[in-house]
Student: 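Handing you a structure now.
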Amino acid sequence: MSDQLLVLGIETSCDETGVALYHGERGLLAHVLHSQVQLHAEYGGVVPELASRDHVRRVLPLLHECLGQAGVQREDIGGVAYTAGPGLIGALLVGAAVGRSLAFAWGVPAVGVHHMEGHLLAPMLEPEPPAFPFAALLVSGGHTQLVRVDGIGRYTLLGESLDDAAGEAFDKTAKLLGLGYPGGPALAQLAQQGDPARFSFPRPMTDRPGLDFSFSGLKTYALTTLQQHGLEASADIARAFEDAVVDTLAIKCRRVLKQTRLKRLVMAGGVSANRRLRAKLAEIAAEEGAQVYYPRPEFCTDNGAMIAYAGWLRLHAGQHEPLAIRAQPRWPMETLAAP
């Protein structure tokens, strides 16, 4: 397809509704996002049925808003990309049904995008994108993975969490400390007030070879420390927990750079917005003679821009989906094929 292709991207994998428009030559034209944080806050976590219903309410109004921001008409759209997985099946089906139906009505091709491929490629939206090949740390509420990336669809999984993802561990530990939802950012904010020298948490699975992670034990360690010292130690516990997660991720990233001999490291996903982690990886990369790349903070969490861009790459290469509406709540990224 032509570089003039304009792609509509729709993201509805969990608790954020994102819509964006990406043009092959003009880049990202517009992106809008609705977060369901307030909707789920009283429950302390995402309620799948409520998430799905809210996506139904939000996606078309956001589409009209996005078209207005970009100053384009629906007739200008040459393809539609939607998140097909992984994620909450009900939420995914909303985006898949809307995206596939719009493509059919407009007579344009559609493609289902892998959510984590979207995160992986989000740094490509920045003014100085990384070149292939590179190592990538995907770190979010649902995934913690180290991946070798040799090109679009050419992914080799090098390591992953054997239990809780890093973002999930952040959220669960925040809940132990009585913090609000979402817990990860609240814990990071509380950690800024903590004494880094008071508690020392373990750095799990760093005393053995390999690139896998385990974070569930840190949550238990935080609970035990809280029971011993009480809520007055919350800030110090938050700081010790954050330092342990950041150090563990950094140690494994240094290891992957050494093992692969790559000089480019990408970090993406919701936890990649953590400032302490960004600073630590920048330090590691400098020591290893490498360069680290991140998406801007607004593209670290779920968003339509990354889906529009990933979809543009695959549609531009000629890939598209049949008429069937497809969603996969579980979908290993290494099963993706190059377009």
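Positions are given from 1, in the same order as the sequence printed here.
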Student: Of all the heavy-atom pairs spanning Tyr43 and Leu50, show the shortest one and how long it is.
Tutor: CE1-CD1, 3.6 Å
Student: Is it true that a side-chain atom of Arg264 and a backbone atom of Ala131 form a donor plus acceptor pair closer than 3.5 Å?
Tutor: yes
Student: Return the OH to CG distance between Tyr309 and Asn303, rounded to the nearest 0.5 Å.
Tutor: 13.5 Å
Student: Would you say Leu21 and Leu6 make side-chain contact, with heavy atoms under 4.5 Å?
Tutor: yes
Student: Between Leu315 and Leu5, which heavy-atom pair has the shortest distance, and what is it?
Tutor: CB-CD2, 3.9 Å
Student: Kindly indicate whether a cation-pi arrangement holds for Arg26 with Trp312, taking the cut-offs as under 6.0 Å to the six-membered ring centre and within 45° of the axis.
Tutor: no
Student: I want to check a possible cation-pi pair here: Arg278 against Tyr294, using under 6.0 Å from ring centre and within 45° of the ring axis as the test.
Tutor: yes
Student: Dump the intermediate steps for side chain to side chain donor-acceptor pair (under 3.5 Å) on Asp236 and Gln193, then the final yes or no.
Tutor: CA-CA 7 Å; Asp236 298 334; Gln193 307 167 28; over 6 Å; no
Student: Check whether Arg100 reaches the backbone of Ala110 with its side chain - one donor and one acceptor, N or O, closer than 3.5 Å.
Tutor: no
Student: Test of understanding: clusters of I, L, V, M, F, W, Y form through side-chain heavy atoms closer than 4.5 Å, transitively. Do Val98 and Leu63 belong to the same one?
Tutor: yes
Student: Quick check against the 3.5 Å criterion: does Thr12 have a side-chain atom that pairs as donor or acceptor with the backbone of Gly95?
Tutor: yes
Student: Under 4.0 Å between a side-chain nitrogen and a carboxylate oxygen: does that hold for Asp150 and Arg148?
Tutor: yes
Student: Under 3.5 Å, side chain of Tyr221 to main-chain N/O of Lys219, donor-acceptor pair present?
Tutor: no
Student: Flag the pair Pro86 / His143 as yes when at least one side-chain heavy-atom distance between them is below 4.5 Å, and no otherwise.
Tutor: yes
Student: With no hydrogens and no angle check, is any side-chain donor or acceptor of Ser140 less than 3.5 Å from a backbone partner on Gly269?
Tutor: no
Student: Among side-chain atoms of Ser216 and Asp164, is any donor-acceptor pair under 3.5 angstrom?
Tutor: no
Student: Is Arg239 salt-bridged to Asp195, going by a charged N under 4.0 Å from an acidic O?
Tutor: no
Student: Decide whether His55 and Thr17 meet the rule of one side-chain donor and one side-chain acceptor closer than 3.5 Å.
Tutor: yes
Student: Is Val271 reachable from Val256 through a run of I, L, V, M, F, W or Y residues, each pair having side-chain heavy atoms under 4.5 Å apart?
Tutor: yes
Student: Report yes if some heavy atom in the side chain of Val149 is under 4.5 Å from a heavy atom in the side chain of Val266; otherwise report no.
Tutor: no
Student: Would Gln36 and Glu16 count as having a side-chain donor-acceptor pair, cut-off 3.5 Å?
Tutor: no
Student: For Val47, does its backbone N or O pair with a side-chain atom of His40 as donor and acceptor, under 3.5 Å?
Tutor: yes
Student: Do you know the tightest heavy-atom contact between Ile10 and Ile307?
Tutor: O-CG2, 3.7 Å
Student: Given 3.5 Å as the limit, does a donor-acceptor pair link the side chain of Thr83 with the main chain of Gly85, or not?
Tutor: no
Student: In plain terms, say whether Arg296 and Glu126 are close enough for a salt bridge, that is, a side-chain N and a carboxylate O under 4.0 Å apart.
Tutor: yes
Student: Could you give the distance from CG (Leu257) to CG (Leu281), rounded to the nearest 0.5 Å?
Tutor: 9.0 Å
Student: To check you understand the geometry: which heavy-atom pair defines the closest contact between Pro329 and Ile89, and what is its length?
Tutor: CD-CD1, 3.7 Å
Student: Can you tell me if CD on Glu75 sees more than 12 non-hydrogen neighbours from other groups inside 6.0 Å?
Tutor: yes
Student: How about CZ on Phe104, more than 12 heavy atoms from neighbouring residues, nucleotides or ligands closer than 6.0 Å, or not?
Tutor: no
Student: Find the distance between CG (Leu249) and OG1 (Thr206) and round it off to the nearest 0.5 Å.
Tutor: 11.0 Å
Student: Any luck finding a side-chain donor-acceptor pair between His23 and Asp76 under 3.5 Å?
Tutor: no
Student: A side-chain contact here means heavy atoms from C-beta on lying under 4.5 Å apart; do Pro204 and Thr248 qualify?
Tutor: yes
Student: To the nearest 0.5 Å, what is the distance between CD1 (Ile251) and CZ (Phe213)?
Tutor: 10.5 Å
Student: Would you give the length of the straight line joining atom OG of Ser214 to atom CE of Met205, rounded to the nearest 0.5 angstrom?
Tutor: 6.5 Å
Student: Between Glu49 and Arg53, what is the shortest heavy-atom contact and its length?
Tutor: OE2-NE, 2.7 Å
Student: By the definition side-chain contact (heavy atoms from CB on, under 4.5 Å), identify the one residue from Val245, Leu218, Asp243 that meets it with Arg203.
Tutor: Asp243
Student: Working to the nearest 0.5 Å, report the span between CG of Leu120 and CG of Leu336.
Tutor: 10.0 Å
Student: Is it true that Glu288 and Lys263 make a salt bridge, defined as a side-chain N closer than 4.0 Å to a carboxylate O?
Tutor: no
Student: Can you tell me how the ring of Phe241 sits relative to the ring of Phe170, calling it parallel under 30°, perpendicular over 60° and tilted otherwise?
Tutor: perpendicular
Student: So, the side chain of Glu11 versus the backbone of Ser13: is there a donor-acceptor pair under 3.5 Å, distance only?
Tutor: yes
Student: Contact between His119 and Asp302 at the side-chain level, heavy atoms closer than 4.5 Å - yes or no?
Tutor: yes
Student: Would you say that Asp212 contacts Ser161 through its side chain, given a criterion of any heavy-atom pair below 4.5 Å between the two side chains?
Tutor: no
Student: Determine yes or no for a side-chain-to-main-chain donor-acceptor pair under 3.5 angstrom, with Thr144 supplying the side chain and Ala166 the backbone.
Tutor: yes
Student: May I ask whether Leu29 and Leu33 are part of the same hydrophobic cluster, defined by side-chain heavy atoms of I, L, V, M, F, W, Y residues being less than 4.5 angstrom apart, directly or through others?
Tutor: no
Student: If I compare all heavy atoms of Asp171 with all of Gly184, which pair ends up nearest, and what's the gap?
Tutor: OD1-N, 2.8 Å
Student: Between His31 and Tyr22, is a ring-ring contact (aromatic ring centres under 6.0 Å, His included) present by the stated rule, with each step listed?
Tutor: CA-CA 9 Å; His31 66 96; Tyr22 184 87; over 10 Å; no
Student: Keeping Arg154 on the side-chain end and Ala338 on the backbone end, is there a donor-acceptor pair under 3.5 Å?
Tutor: no
Student: Would you mind checking if Arg314 and Glu117 are paired as a salt bridge, meaning a charged N to carboxylate O distance below 4.0 Å?
Tutor: yes
